[in-house]
Amino acid sequence: MKATVLDGKSLSLDIESSLKIKVSNLIEKTGITPVLATILVGDDPSSAIYVQMKVNACHRVGLGSRKIVLPQETSTAELLAVIDSLNQDESVRGILLQHPVPPQIDEQACFDRIDLDKDVDGVTCHGFGRMSFGQFSYGAATPSGVMKLLAFHEVNLSGLNAVVVGRSTILGKPMAQMLLNENATVTICHSRTKHLPEIISRADLIVGAVGKPHFIKSAWIKDGAIVIDAGYHPGGIGDIEVSTLPERSLAYTPVPGGVGPMTISTLISQTVDSAYQLYLSGDGSRH
Ligand SMILES: Nc1nc2c(c(=O)[nH]1)N[C@@H](CN(C=O)c1ccc(C(=O)N[C@@H](CCC(=O)O)C(=O)O)cc1)CN2
């Protein structure tokens, strides 16, 4: 069996092409360039790269960006004040607070301060709750990107035995909930899970969202499974050992070029949606 490569890079390029047209139409109608505000706290080099990738993507589709960089010793109160001012700024249609923030900051309190209509990265408890209840919200960027990739490849998730390894609030938990919303039978595995290889061996679809390089071994995965690797580590390594998966899985995401680009294009796409929402509500037009 030759697996389908779930190519997030090429799908993202297609998504960006259509976003470019949408953004230019919106700017023509409103005279306003919608802005994604990015907040980077501290000096983590990988985070700085990811934020710059988001800023670059804004520019590729014609969105504005406002890059805010705060020092490592920033307090929760200081960060909350920055978010408050971005919430009040009408030209800002999306707010991205890069994870992780330094340990003295209450990250979830800061995420939750983001107005729901600007939560284009899908990090608020409110947004997560709405998504879980089947109501509209912008989904967490990485799992939403995975869902788009699966939908593009017409993967029917109903009844599939899906195993998500990892339970972070921006990745594992929303991923599991989104799969459940599509009627998959979902198991979440984590650091206390017993018999991990055995659970994974029964998965029709496996998502690596654990944040440890090659933690999930290829030999644990059954032939014909769909394999989604949401990990990204130096040297182009994911959470899942690739080994023979290209020959014996049904489909798999490459690293790089799979889930990562979908994360970025989903964030940008949700920012464009937020800008259109404001325009359609009648508050964002000069006409
Ligand atoms: N607030 C958030 N913080 C973080 C998120 C997030 O979705 N929201 N996700 C990760 C990191 N991340 C985005 O922030 C991210 C990581 C990697 C990639 C990516 O496209 N990687 C490439 C390879 C890298 C390269 O080309 O240099 C790939 O996989 O092809 C995108 C986004 C943590 N924090």
Side-chain angles (χ1 to χ4, degrees), residues 19 22-23 26-27 29-42 47-48 50-55 57-59 61-102 104-133 135-144 169-171 174 263-286:
L19 288 177
K22 276 182 95 172
V23 172
L26 188 64
I27 294 173
K29 285 187 178 104
T30 64
I32 297 164
T33 302
V35 167
L36 172 68
T38 62
I39 312 173
L40 172 65
V41 190
S47 292
Y50 300 143
V51 168
Q52 191 55 47
M53 286 162 71
K54 294 169 188 184
V55 169
C58 283
H59 296 161
V61 303
L63 286 177
S65 66
R66 186 171 317 157
K67 196 171 167 185
I68 295 165
V69 181
L70 300 173
Q72 179 76 21
E73 56 281 4
T74 301
S75 67
T76 300
E78 287 165 335
L79 182 50
L80 289 174
V82 169
I83 294 168
D84 285 343
S85 75
L86 295 172
N87 280 336
Q88 278 154 27
D89 185 333
E90 193 136 288
S91 68
V92 172
R93 294 317 310 150
I95 301 173
L96 172 277
L97 170 58
Q98 187 64 25
H99 160 87
V101 295
Q104 76 279 7
I105 294 177
D106 181 344
E107 184 176 81
Q108 194 57 51
C110 294
F111 280 155
D112 285 335
R113 195 69 154 242
I114 298 170
D115 277 355
L116 192 60
D117 63 329
K118 299 190 183 190
D119 179 22
V120 293
D121 198 32
V123 291
T124 61
C125 289
H126 191 173
F128 179 85
R130 286 183 60 88
M131 180 273 287
S132 302
F133 279 58
Q135 294 173 6
F136 177 78
S137 68
Y138 300 113
T142 300
S144 294
T169 52
I170 63 169
L171 180 47
T263 299
I264 308 267
S265 64
T266 299
L267 172 76
I268 302 304
S269 167
Q270 294 188 154
T271 307
V272 175
D273 289 347
S274 164
Y276 264 90
Q277 274 311 115
L278 182 71
Y279 169 64
L280 294 172
S281 73
D283 295 336
S285 168
R286 64 176 168 191

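Just so you know, these numbers come straight off a predicted model, no measurement behind them.
A donor-acceptor contact closer than 3.5 angstrom links the side chains of T263 and T142. No side-chain donor from either of H126 and S137 sits under 3.5 Å from a side-chain acceptor of the other.
Nearest heavy atoms, I114 versus T124: O-CG2, 3.7 Å. The minimum heavy-atom distance linking Q72 with P102 is given by the pair O-CG, 3.4 Å. Minimum interatomic distance between A140 and I170 (heavy atoms only, all atoms of both residues): CB-O, 3.6 Å. In terms of heavy atoms, P100 sits closest to E107 at CA-OE2, 3.5 Å. When all heavy atoms of C110 and L79 are compared, the closest pair comes out as SG-CD2, 3.6 Å. For the pair T271 and G94, the tightest heavy-atom approach, listed with the atom from each and the gap, is CG2-N, 4.3 Å.
Interatomic distance, OH of Y50 versus CD1 of I264, reported as 9.5 Å (0.5 Å rounding). Taking CD1 from I39 and OG from S47, the interatomic distance works out to 13.0 Å, rounded to the nearest 0.5 Å. A distance of 13.0 Å separates CD1 in I27 from OH in Y279, rounded to the nearest 0.5 Å. Summarising the geometry, atom CD belonging to Q277 is positioned 5.0 Å from atom OH belonging to Y138; distances are rounded to the nearest 0.5 Å. Here the straight-line distance linking atom CG of D273 with atom CG of L278 works out to 13.0 Å at 0.5 Å rounding. Note that CG of L96 is 8.5 Å distant from CZ of F111, once rounded to the nearest 0.5 Å.
Looking at S65 and V35, their side chains never come closer than 4.5 Å, going by heavy atoms from C-beta outward. Using a 4.5 Å heavy-atom cutoff, the side chains of T169 and F128 are not in contact. Proximity of T38 to Q98: side-chain heavy atoms (C-beta onward) are nowhere separated by under 4.5 Å. Residues D106 and Q108 form a side-chain contact, since some pair of their non-hydrogen atoms from C-beta on lies under 4.5 Å apart. When side chains are defined from C-beta on, K54 counts as touching L267, because their heavy atoms get closer than 4.5 Å. Side-chain contact check for P34 versus V272: every heavy-atom pair is 4.5 Å or farther apart. Contact annotation: the side chain of L36 approaches that of I268 to within less than 4.5 Å [non-hydrogen atoms, C-beta and beyond].
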Between S75 and Q104, is a side chain to side chain contact (heavy atoms under 4.5 Å, CB included) present by the stated rule, with each step listed? CA-CA 7 Å; S75 67; Q104 76 279 7; 5.8 Å; no

Test S144 against Q270 for side chain to side chain contact (heavy atoms under 4.5 Å, CB included), laying out the working first. CA-CA 10 Å; S144 294; Q270 294 188 154; 4.1 Å; yes

Apply side chain to side chain contact (heavy atoms under 4.5 Å, CB included) to I68 and L40, showing your working. CA-CA 6 Å; I68 295 165; L40 172 65; over 6 Å; no

Please report the C-alpha distance between L97 and V123 in whole Å, then the side-chain angles of each, then the deciding distance to 0.1 Å, and finally whether the side chain to side chain contact (heavy atoms under 4.5 Å, CB included) criterion is met. CA-CA 9 Å; L97 170 58; V123 291; 6.0 Å; no

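By the neighbour-count criterion of 12 heavy atoms within 6.0 Å, atom CZ of F133 is sparsely surrounded, having that number or fewer from other residues, nucleotides or ligands.
When atom types are taken as modelled, the side chain of S274 and the backbone of R93 share a donor-acceptor pair closer than 3.5 angstrom. In this structure, the side chain of D115 does not engage the main chain of K118 through any donor-acceptor pair within 3.5 Å. Between the side chain of D112 and the backbone N or O of C125, at least one donor-acceptor pair lies under 3.5 Å.
With sequence neighbours excluded, no residue forms a side chain to side chain contact (heavy atoms under 4.5 Å, CB included) with S85.
Evaluation of the salt bridge (charged side-chain N to carboxylate O under 4.0 Å, His left out) test over residues 62-85, restricted to residues two or more places apart or in two chains, returns R66-D89, D84-R113.
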